[in-house]
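Data first, discussion second: the structure below is written as structure tokens.
Just so we're on the same page: letters track the sequence lines, and every chain starts at 1.
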Number of protein chains: 2
Amino acid sequence: MRPYKHPNADELTLERIFHALSDPARLEIVRHLARVEAATCGELDGGRPKSSMSHHFRILRDAGLVHTRAAGTVHQNTLRASELNARFPGLLEAILAQASDGGSPAEEQKATH
Amino acid sequence: MRPYKHPNADELTLERIFHALSDPARLEIVRHLARVEAATCGELDGGRPKSSMSHHFRILRDAGLVHTRAAGTVHQNTLRASELNARFPGLLEAILAQASDGGSPAEEQKATH
DNA sequence: ACCAATGTTCGATAATAGTCGAACTATCGA
DNA sequence: TCGATAGTTCGACTATTATCGAACATTGGT
């Protein structure tokens with residue numbers, strides 16, 4: 001559990017990002033993080049075991065979508081929104097587009113800017 | 001080989017789209033289609049057998065990214081750019097962003113608008 | 001020091017996905 | 001009608017990925 005390895009913004013590949021987002025659990029995590037700013041792994045499990053969540057978070061980290069930082073006994077996850085917007089303009093906007101079907105469009109502004 | 005089944009714009013899901021784009025061959029196909037307007041399956045194989053290409057095109061069709069229309073003995077594939085832009089604004093822009101690394105940004109304008 | 005809580009890592013298993021040859025279908029041209 | 005061309009479908013094999021329990025590590029509180 002030594003410090004996490006996060007890829008630099010210029011090391012990200014869309015292929016890896018798309019793979020990370022192709023899983024429903026992970027897409028849900030990303031959308032949730034877009035709304036809440038920061039969240040622990042435990043807050044986002046949908047009844048899934050910890051080992052599964054850890055797996056998904058690792059893939060999100062490796063893809064460069066999520067940043068994880070240990071804060072005491074808890075690990076805070078954040079969307080790497082500004083870096084993603086800089087490297088792939090429009091991507092986050094697209095990810096959150098469908099989530100707003102029937103919801104408030106204003107909700108998304110937090111993460112896309 | 002009866003007429004292809006293409007999902008309607010409102011039936012598309014990001015999960016399916018992201019899965020379709022998570023394969024390097026398919027991402028390459030989409031990027032190529034963004035530049036050329038229309039292309040046959042055969043034009044886009046990278047030495048891969050026809051059965052593999054057919055598989056990839058089916059996934060791209062099912063995801064709603066590509067439209068295929070039989071034109072004589074050939075099948076013309078096109079990016080469903082306008083529908084994708086309407087449903088997931090920013091998505092195509094993001095897909096083509098990385099492709100322009102070191103290339104001409106003007107190239108992409110064709111498909112994103 | 002001990003305990004509880006939060007995640008990670010490991011290993012096994014199951015599910016999903018990509019690859020490719022071969023047989024098949026449909027269309028066009030001679 | 002025969003042959004050539006473009007893709008699809010099928011089936012088998014391989015590889016990648018998801019799931020989950022169990023053991024482990026780290027931190028904070030008492």
Query - Whole-Å distance separating the CZ atom of A:Arg58 from the C1' atom of D:dT16 - result: 13 Å

Requested in this report: Please list, chain by chain and in numerical order, all residues satisfying salt bridge (Lys or Arg N to Asp or Glu O under 4.0 Å) with A:Arg80, sequence neighbours excluded.
Outcome: A:Glu83

Requested in this report: Specify the separation, in whole Å, of atom NE2 of A:His75 and atom P of C:dT8.
Outcome: 6 Å

Report task. Compare side-chain N and O positions of B:Ser54 against OP1 and OP2 of D:dG7 and report whether any pair is under 4.0 Å apart. Result -> no

Query raised in the report: Hey, does the side chain of A:Thr40 come within less than 4.0 Å of C:dT6's phosphate (OP1/OP2), counting only N and O?
Result: no

Query raised in the report: To the nearest angstrom, how far is A:Asp45 atom CG from D:dT19 atom P?
Result: 13 Å

Query raised in the report: Quick one: is D:dG7 close enough that its OP1 or OP2 comes under 4.0 Å of any side-chain N or O from B:Tyr4?
Result: no

**Report entry** ring pair (Phe, Tyr, Trp, His ring centres under 6.0 Å) partners for A:His67, two or more places apart
**Finding:** A:His6

Query raised in the report: Is there a donor N/O on one and an acceptor N/O on the other, under 3.5 Å, for the side chain of B:Thr73 and the base of D:dT5?
Result: yes

Report summary line: Students should find that the end-to-end axis angle of the helix from C:dA1-D:dT30 to C:dA30-D:dT1, with five pairs defining each axis and rounding to 10 degrees, is 30°

**Report entry** Nearest atoms (heavy-atom pairs only) where B:Ala38 meets B:Gln76
**Finding:** CB-OE1, 3.7 Å

Query - Separation of D:dA23 C1' from A:Lys50 NZ (nearest whole Å) - result: 11 Å

Requested in this report: Determine: side-chain N/O of A:Arg69 to OP1/OP2 of C:dG7, distance under 4.0 Å, yes or no.
Outcome: no

**Report entry** Pair listing, side chain to side chain donor-acceptor pair (under 3.5 Å) test, anchored in residues 48-60 of chain B, at least two apart
**Finding:** B:Arg26-B:His56, B:Arg58-B:Asp62

Requested in this report: Could I get the full list of ring pair (Phe, Tyr, Trp, His ring centres under 6.0 Å) partners for B:His32, not counting sequence neighbours?
Outcome: none

Query raised in the report: Separation of B:Leu60 atom CG from D:dG7 atom P, in whole Å?
Result: 14 Å

Query raised in the report: Is the shortest heavy-atom distance from the side chain of A:Leu21 to the side chain of A:Leu65 under 4.5 Å?
Result: yes

**Report entry** Exam field: side chain A:Arg61 to backbone A:Thr68, donor-acceptor pair closer than 3.5 Å
**Finding:** no

Query - Nearest-angstrom distance from the residue atom CG of B:Asp62 to P of D:dT8 - result: 11 Å

Report summary line: When rounded to whole Å, the CD to P distance for the pair B:Gln76 and D:dT5 reads 18 Å

Query raised in the report: So, the side chain of A:Asn8 versus the backbone of A:Asp10: is there a donor-acceptor pair under 3.5 Å, distance only?
Result: no

Query raised in the report: Is the A:Tyr4 to A:His75 ring centre distance short of 6.0 Å?
Result: yes

If you restrict it to nitrogen or oxygen atoms, what contacts under 3.5 Å exist between nucleotides 13-20 of chain C and the protein, and what is each distance?
from: C:dG18; atom 1: OP1; to: B:Arg26; atom 2: NH1; distance (Å): 3.1
from: C:dG18; atom 1: OP1; to: B:Arg26; atom 2: NH2; distance (Å): 2.6
from: C:dG18; atom 1: OP2; to: B:His55; atom 2: NE2; distance (Å): 3.1
from: C:dT19; atom 1: OP2; to: B:His56; atom 2: NE2; distance (Å): 2.6

Query - d(CZ, B:Phe57; C1', D:dT9) in whole Å - result: 17 Å

